[in-house]
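Please read the structure below before turning to the comments.
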Amino acid sequence: MKIVSLKMGVLSILTLGIAFMSVNCNTTSEGGKNENEVKGEKVAKVGPDTLTRHLKPFRKDLPTIGLLIYDGVLTTEVTATADVFSKPTKEGLQLFNVITVAEGENVIVAEEGLKILPDYTFENCPKLEALFIPSAYDMYAQIHNGNIVKFIQEKNKETKYTVSNCAGAKLVGKSGIADGKNIVTYIGGGKQLQMDYPNLKVNDDAKVTYVEDGKFSSSNGNLASYISALILVEKMTSPEHREFVESYLYLDRLQNWTGEMGAVLMAK
């Protein structure tokens, strides 16, 4: 078992965003005017390659990382994992398939309002090497959704790693997949988690940020989700690749944002 206790104060500054690109095809409007002309001036044409070059192919020879999503999910707990595992090697080689999985095909609306179209459903989800279970502020609907609980139970049979962040620990408890294992949840949620699922060994969330016990790992969630992702990506690759990913993400700047390395310039 591995337990990591960290001070996360500076990480609360991090703002995480996902850029989605809108693609305009070369179509004409009702008036017959080419949409690539604005007030008589020609503008650059935007073709589909602008988008497709960012799409990573699903490769059967690569391990697949599954990100469970559902309405109300916390965006950071999905994007943190995607951020880490989607990074290529220094040579630009893809290492993982990173996919989102939901109960159905409908667009998922995150807590923050971000809309996510799932890559797969519970029915057609491919074999997973790792499953990440995020949280929502209100987990009542999720832990009472038999389809979600069953999906976690079934996928856990094939995963090499199963990870929960924040209140995703409640779904782990409800599914019974980690009975007898150590786990941690969001700060302030541990006592209730222990009462609801006494077969779990719930750690003190006020002191512990990340816990690893066998194939299971868990974190306080939110930005601490980067910790669970980085630790696992190192285990699945190498310390050198983790360092590369951290440098790719400018984590050194974040950790030292008030110091010389991450000096903050506030221009008037």
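Keep in mind that what you see is a predicted model, and the values were worked out from it rather than measured. Numbers here are sequence positions counted from 1.
We find the CD1-CG distance between Ile143 and Asp196 to be 7.0 Å, quoted to the nearest 0.5 Å. Note that CG of Leu67 and CD1 of Ile65 are 8.0 Å apart. Values are rounded to the nearest 0.5 Å. For the atom pair Glu234 CD and His241 NE2, the distance stands at 10.5 Å (nearest 0.5 Å). In this structure, CG on Asp204 lies 11.5 Å from CD on Gln194, to the nearest 0.5 angstrom. Taking NE2 of His144 as the start and CE of Met139 as the end, the distance is 11.5 Å to the nearest 0.5 Å. Distance CD1/Ile116 to OG1/Thr75: 6.0 Å, rounded to 0.5 Å.
Residue Tyr161 is not grouped with residue Leu62 when hydrophobic side chains (ILVMFWY) are merged at heavy-atom distances under 4.5 angstrom, including chains of intermediate members. No continuous path of ILVMFWY side-chain contacts below 4.5 Å connects Leu74 to Tyr186, so the two sit in separate hydrophobic clusters. Linking ILVMFWY side-chain heavy atoms closer than 4.5 Å, directly or via other members, places Val149 and Ile69 in a single hydrophobic cluster. Under the 4.5 Å side-chain contact rule for hydrophobic residues, Leu128 and Met236 share a cluster.
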(request) Please report the C-alpha distance between Val78 and Thr76 in whole Å, then the side-chain angles of each, then the deciding distance to 0.1 Å, and finally whether the side chain to side chain contact (heavy atoms under 4.5 Å, CB included) criterion is met. (result) CA-CA 5 Å; Val78 178; Thr76 305; over 6 Å; no
(message) For Leu193 and Lys170: C-alpha separation, side-chain torsions, deciding distance, then whether side chain to side chain contact (heavy atoms under 4.5 Å, CB included) applies.
(response) CA-CA 7 Å; Leu193 181 67; Lys170 293 185 178 183; 4.0 Å; yes
(message) For a side chain to side chain donor-acceptor pair (under 3.5 Å) check, start with the C-alpha distance between Glu129 and Thr159, then their side-chain angles and the critical distance, and finish with the verdict.
(response) CA-CA 5 Å; Glu129 185 85 357; Thr159 58; over 6 Å; no
(request) Just do the side chain to side chain donor-acceptor pair (under 3.5 Å) check on Asn199 and Lys181 with the steps written out, would you? (result) CA-CA 8 Å; Asn199 290 332; Lys181 300 292 185 179; over 6 Å; no
(request) Kindly indicate, with the supporting measurements, whether the criterion side chain to side chain contact (heavy atoms under 4.5 Å, CB included) is fulfilled by Ser164 and Ile183. (result) CA-CA 9 Å; Ser164 68; Ile183 198 168; 4.0 Å; yes
(request) May I have the step-by-step check of side chain to side chain donor-acceptor pair (under 3.5 Å) for Asn165 and Ser219, ending in yes or no? (result) CA-CA 5 Å; Asn165 290 308; Ser219 81; 2.5 Å; yes
(message) What verdict does the side chain to side chain contact (heavy atoms under 4.5 Å, CB included) test give for Ile177 and Thr162, after you've listed the backbone C-alpha separation in whole Å, the side-chain angles of each residue and the deciding distance to 0.1 Å?
(response) CA-CA 9 Å; Ile177 60 174; Thr162 299; 4.0 Å; yes
(request) Starting from the C-alpha separation in whole Å, work towards a yes-or-no answer on side chain to side chain donor-acceptor pair (under 3.5 Å) for Thr89 and Glu91. (result) CA-CA 5 Å; Thr89 65; Glu91 296 74 28; 3.3 Å; yes
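Residues passing the salt bridge (Lys or Arg N to Asp or Glu O under 4.0 Å) test with Glu158, sequence neighbours excluded: Lys155.
When side chains are defined from C-beta on, Tyr226 does not count as touching Thr81, because their heavy atoms never get closer than 4.5 Å. With contacts defined as side-chain heavy-atom distances shorter than 4.5 Å, the pair Thr237/Phe96 qualifies. Using a 4.5 Å heavy-atom threshold, the side chains of Val84 and Leu249 count as touching. Counting only heavy atoms from C-beta outward, the side chains of Thr209 and Val184 never approach each other to under 4.5 Å. Side-chain contact check for Leu68 versus Pro134: some heavy-atom pair is nearer than 4.5 Å. Within the 4.5 Å cutoff, the side chain of Leu171 has heavy atoms near those of the Gln142 side chain. Annotation: side chain of Phe151 is in contact with side chain of Cys125 (closest heavy-atom distance under 4.5 Å). Side chains of Asn145 and Glu103 form a contact here, defined as non-hydrogen atoms less than 4.5 Å apart.
The heavy-atom pair separating Leu232 from Ala130 by the smallest distance is CD2-CB, 4.1 Å. Across Asn106 and Pro118, no two heavy atoms sit closer than the pair O-CD, 3.4 Å. Considering all non-hydrogen atoms of both residues, Glu111 and Tyr137 come closest at CD-CD1, 3.3 Å. Minimum interatomic distance between Pro88 and Gly92 (heavy atoms only, all atoms of both residues): CB-C, 3.7 Å. Summarising the geometry of Ala80 relative to Ala229, their closest heavy-atom pair is O-CB, 4.3 Å, with the distance given to 0.1 Å. Phe122 and Asn147 make their closest contact through CE1-O, 3.6 Å (heavy atoms, listed as atom of the first residue, atom of the second, distance).
Enclosure of atom CD in Gln153 by more than 12 non-hydrogen atoms of other residues, nucleotides or ligands within 6.0 angstrom is indicated. Annotation: Phe58, atom CZ; neighbour count of heavy atoms from other residues, nucleotides and ligands within 6.0 Å is above 12.
Using bins of under 30°, 30° to 60° and over 60° for the plane-to-plane angle, the ring pair Tyr248/Phe244 lands in the perpendicular bin.
Judged by distance alone, with hydrogens and angles left aside, the side-chain atoms of Asn220 form a donor-acceptor pair with the main-chain N or O of Thr185 at under 3.5 Å. A donor-acceptor pair under 3.5 Å is formed between the side chain of Asp205 and the backbone N or O of Gly190. Looking only at distances, a side-chain donor or acceptor of Glu77 sits under 3.5 Å from a matching main-chain atom of Ser135.
Arg242 and Glu246 are joined by a salt bridge, as a carboxylate oxygen and a charged side-chain nitrogen come within less than 4.0 angstrom of each other. The pair Lys235-Glu212 meets the salt-bridge criterion, with a side-chain N (NZ, NE, NH1 or NH2) lying under 4.0 Å from an Asp/Glu carboxylate O.
Residue pairs meeting the side-chain hydrogen bond (donor to acceptor under 3.5 Å, both in side chains) criterion with at least one member in residues 62-71, sequence neighbours excluded: Thr64-Asn97.
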